[in-house]
Novice: 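Before I ask anything, let me first share the structure, which is written out below as structure tokens.
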Amino acid sequence: MSYQAFARDDLGFTTRQLHAGYDPGEHYRSKAVPIYQTAAFELGDYDRCLRLFEYAEEGHSYVRFSNPTNEVLEKRMASLENGAAAVSFGSGMAAISSTLLNLLGQGDEIIAVKTLYGGSTKLFENTFPAYGITTKFVEDESNIEDYEKLITDRTKVIYVEALGNPGMNVIDLEAVGELAHAHGIPVVIDNTFATPYLFRPLEHGADIVCYSATKYLAGHGTVIAGVVVEKGYFDYLSGRFPQFESYYRENVNFIGAETLRREMFTKRLRAQFLTDLGGHMSPQTAFYVLQGLETLSLRMERHVENAQKIAEYLDGHEKVKEVNYPGLPSSPYYELGKKYFPKGPGAILGVRIKGGLEAALAVLEKVQIFDYMVNVGDAKSLIVHPASSTHYGHPADEQEAAGVYPDTLRLSVGIEDAEDLIADLAQALG
Ligand code: PLP
């Protein structure tokens with residue numbers, strides 16, 4: 001038996017999405033990744049128990065902390081991102097909130113753009129301030145000086161999304177990375193809309209990637225899930241992060257200096273925030289995400305192909321005021337889109353309908369294949385009115401900064417036959 005594909009980082013993306021991180025030899029040679037449906041694992045003996053709790057030995061004790069099914073998903077995601085390590089969470093928001101709590105404490109500051117997913121903006125504006133964590137929003141996310149002037153000694157992270165929602169704006173991510181690193185600050189990118197197939201943030205200035213795996217990674221609208229991937233070797237001992245300095249001192253003798261240099265962020269994320277806040281992903285969910293990952297590249301190819309065709313159809317349609325999609329030469333983000341997303345800039349479109357709210361709602365009512373839902377990244381096509389759902393309750397100026405107007409519809413283009421989707425939109429636009 002010479003099967004070794006699970007450990008080979010030299011293999012292509014599509015091969016790794018099927019094989020990375022899972023050695024059947026360690027699981028009774030089951031070809032499918034088994035679902036370890038248990039709450040806890042036998043500790044064995046006293047010495048092993050101590051080693052597990054000192055983190056001196058890799059292994060599983062209690063499922064809130066880790067389990068073998070999730071471990072395969074984490075290794076697979078780390079491989080697909082070319083990162084050092086990953087941690088899975090019960091939702092994208094658990095992944096994002098835990099990531100930030102790992103980086104920030106009372107009195108610390110986030111620098112973020114205004115074009116974020118509404119749930120993340122709410123977390124930053126409504127929840128974190130009560131715990132002494134504040135966010136400074138960048139005035140113009142295309143202007144690097146606007147980031148720089150917000151940096152202080154208390155800045156612990158710059159947080160952006162690979163593709164804005166629903167404006168589909170593209171930021172010059174490498175420039176943001178260079179600025180942040182010159183100040184010893186890590187960059188976190190929410191790459192949910194792009195996936196590691198279309199864009200790998202760790203290769204373009206990010207130190208940490210967050211996902212709502214609910215979307216394209218799982219891919220079929222069946223689970224809520226999140227993943228965090230760390231690039232590794234960021235210098236958390238530079239003086240800016242006292243919490244990592246004490247973590248290092250307390251753990252270096254057990255875990256080892258090299259492992260801590262490589263993946264200190266995820267070690268502490270798991271030990272403190274996954275474990276204490278309890279946002280773990282169930283092994284069942286990890287199994288569904290793994291199944292989704294097996295076809296990620298194939299689905300994404302079809303998603304972007306369909307999105308491009310639909311964007312071109314809608315661009316210039318007499319009932320359409322504006323189409324936000326970086327794959328269109330008319331988009332202000334066309335050049336940056338080509339630079340960062342050579343395989344295609346995702347499959348979400350922001351579309352403004354002529355005739356205001358009423359006209360947009362009429363389209364929502366008439367579509368027959370696109371389904372009216374707040375989700376995105378399903379294999380099936382979805383449509384939503386962001387101002388009354390994903391961005392509901394945000395002040396009008398904030399909505400506009402994110403590309404949300406009363407006449408905006410957001411399309412999540414699925415993998416159906418493109419001509420059926422175009423015909424559906426044609427009849428709905430009338
Ligand atoms: N990030 C983005 C870009 C999202 O669109 C979403 C959800 O829509 C989230 C994060 C939150 O993920 P979840 O719903 O899995 O908690």
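Ligands are counted one by one from 1 in listed order, and the atoms in each one are counted from 1 as well.
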Novice: Is the closest side-chain donor-acceptor distance between S381 and E416 under 3.5 Å?
Specialist: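 S381 vs E416: donor-acceptor pair found between side chains.
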Novice: Answer with side chain, backbone, both or neither: which part of I96 has a heavy atom less than 4.0 angstrom from an atom of ligand 1?
Specialist: side chain
Novice: Which residue supplies the protein heavy atom nearest to atom 7 (C) of ligand 1, what is that atom called, and how far is it?
Specialist: K215 NZ, 2.8 Å
Novice: Where does A225 meet ligand 1, judged by heavy-atom distances below 4.0 Å: at the side chain, the backbone, both, or neither?
Specialist: backbone
Novice: Is any N or O atom of M93, backbone or side chain, closer than 3.5 Å to an N or O atom of ligand 1?
Specialist: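 Among all N and O atoms of M93, at least one is under 3.5 Å from an N or O of ligand 1.
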Novice: How far is atom 11 (C) of ligand 1 from the closest protein heavy atom, and which atom is that?
Specialist: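 Checking every protein heavy atom, the shortest distance to atom 11 (C) of ligand 1 gives Y117 CE2, 3.6 Å.
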Novice: So which of R154, K136, K156, R240 actually passes salt bridge (Lys or Arg N to Asp or Glu O under 4.0 Å) with E109?
Specialist: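 Only one option passes, and that is K136.
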Novice: For D190, counting its heavy atoms only, list the atoms of ligand 1 lying under 4.0 Å from any of them.
Specialist: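 Within the 4.0 Å cut-off of D190, ligand 1 contributes 1 (N), 2 (C), 3 (C), 10 (C).
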Novice: Using salt bridge (charged side-chain N to carboxylate O under 4.0 Å, His left out) as the criterion, list what pairs up with K215, not counting sequence neighbours.
Specialist: none
Novice: Would F193 count as a polar contact of ligand 1, with the cut-off being nitrogen or oxygen pairs under 3.5 Å?
Specialist: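 In fact, backbone or side chain, F193 has no N or O that close.
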Novice: So is there a nitrogen or oxygen of S212 less than 3.5 Å from a nitrogen or oxygen in ligand 1?
Specialist: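 Between S212 and ligand 1, an N or O pair is found under 3.5 Å apart.
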Novice: State which residue, out of Y236, F265, Y247, fulfils the side-chain contact (heavy atoms from CB on, under 4.5 Å) condition with N102.
Specialist: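 Of the listed options, the one satisfying the test is F265.
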Novice: With nothing but distance in play, are any N or O atoms of T214 less than 3.5 Å from an N or O of ligand 1?
Specialist: yes
Novice: Show your reasoning for whether ring-ring contact (aromatic ring centres under 6.0 Å, His included) applies to Y197 and Y216.
Specialist: CA-CA 10 Å; Y197 181 65; Y216 295 102; over 10 Å; no
Novice: Is it true that H27 and Y36 have ring centroids separated by less than 6.0 Å?
Specialist: yes
Novice: Any chance you could lay out the side chain to side chain donor-acceptor pair (under 3.5 Å) test for S212 and T192, step after step, and finish with the verdict?
Specialist: CA-CA 6 Å; S212 168; T192 298; 5.0 Å; no
